[in-house]
Every structure is written in C-alpha cells, then in structure tokens.
Amino acid sequence: MLTTNSIDKVESMVRKLSKESSKWQSLAIAIDLADEILKILLPNNKEWQNQLDRDTQNTGSLPQPLSLDTFKNQKQVKWFNEHPESASARSAFKLFYAEDCALESNFFGLVNQQQNKEYQLQQSIHKIGKIQN
C-alpha cells in the first residue's frame with residue numbers, strides 16, 4: 001500500500017544502496033528494497049505483507065533460493081552472483097509467492113562484469129605481489 005512513509009523508505013534504501021561497497025550488504029539492501037516495492041504494489045493483506053517483512057540487512061534472512069535447474073544451461077548460471085551462504089548456489093531467489101495472489105516475484109543478483117573484471121585484476125596484482133615478496 002502506497003504511503004508517504006513507504007516512499008521515504010524506498011528513497012532512503014536507494015540512497016543507501018548507491019553508497020554501499022560491500023557486495024553482500026548491497027544484496028541485503030537490494031532484497032529489502034524489492035520487498036518494500038512489493039509492499040507498495042500489493043493490496044493490504046497481512047499474510048502477504050508478513051512474507052515481505054524479512055529485514056535482510058539486520059537479520060541476514062534470505063528469501064528461498066531458486067533451484068539450479070531454473071537456469072536453462074550452465075552458461076546462465078555464471079550470470080548470477082554466488083549465493084552468500086553456498087558457493088554452489090546462485091543469488092537467485094523466490095522473493096514473493098502466494099497461492100491466492102496473481103503476482104509473484106523472483107530476485108536475481110546479476111554479476112556486474114566490470115566489477116568482476118576489476119576484482120580479478122586486483123586478485124592477480126595481489127598474487128603477483130606475493131610471488132615477488
């Protein structure tokens with residue numbers, strides 16, 4: 001349900017997300033942000049709203065992960081960041097689902113290729129530095 005408070009929360013989370021440098025904290029903020037947007041879109045239903053009261057930033061509680069067979073092939077698996085709790089899983093989640101609701105939502109944490117290349121370069125430089133010392 002749209003309220004002034006909900007708009008303020010979304011705006012605050014967007015600002016926080018834009019400043020966050022930690023990959024995992026960014027994921028938590030993004031999940032909470034998606035939950036807040038869904039709260040605005042969905043009608044006021046206590047059961048649905050409770051499903052979206054995760055507060056991942058503070059609790060670490062993640063939505064249910066999507067199974068790897070969700071992806072059509074192995075190449076697609078590499079498009080998504082690793083799951084924070086399992087290297088064999090991906091950051092792909094069932095964000096919201098209710099039998100009596102026409103809306104469902106999945107959340108995908110995509111790999112940022114530019115950041116990934118920068119990280120790999122930093123790792124390579126770090127390894128070269130260790131070899132030289």
Between CG of D8 and OG1 of T3, what distance do you get to the nearest 0.5 Å? 8.0 Å
So, do L103 and L38 sit near enough that their side-chain heavy atoms are less than 4.5 Å apart? yes
Heavy-atom nearest pair, T56 first then S61, reads OG1-O, 2.8 Å
Could you pull out the closest heavy-atom pair between N106 and K94, with the gap in Å? OD1-NZ, 3.4 Å
Under a 4.5 Å side-chain heavy-atom rule over Ile, Leu, Val, Met, Phe, Trp and Tyr, are L42 and Y97 clustered together? no
Please enumerate all residues that pass salt bridge (charged side-chain N to carboxylate O under 4.0 Å, His left out) together with K16, with sequence neighbours excluded. none
Side chain to side chain contact (heavy atoms under 4.5 Å, CB included) with D32: which of L52, I37, D55? D55
Min side-chain heavy-atom separation R54-T59 under 4.5 Å: no
D35 side chain near F96 side chain, heavy-atom distance below 4.5 Å: no
Distance (rounded to the nearest 0.5 Å) between Q57 CD and S26 OG: 10.0 Å
Any non-hydrogen side-chain atom of N50 less than 4.5 Å from a side-chain atom of D53? yes
Mind checking whether F93 and F107 have parallel, tilted or perpendicular rings, split at 30° and 60°? tilted
CG of N45 to SG of C101, rounded to nearest 0.5 Å, is 8.0 Å
How many angstroms lie between atom CD of E36 and atom CG of N5, to the nearest 0.5 angstrom? 8.5 Å
Which heavy atom in E20 sits nearest to a heavy atom in S22, and how many Å separate them? OE2-N, 3.0 Å
Please indicate whether K9 has more than 12 foreign heavy atoms, meaning atoms of other residues, nucleotides or ligands, lying under 6.0 Å from its NZ. no
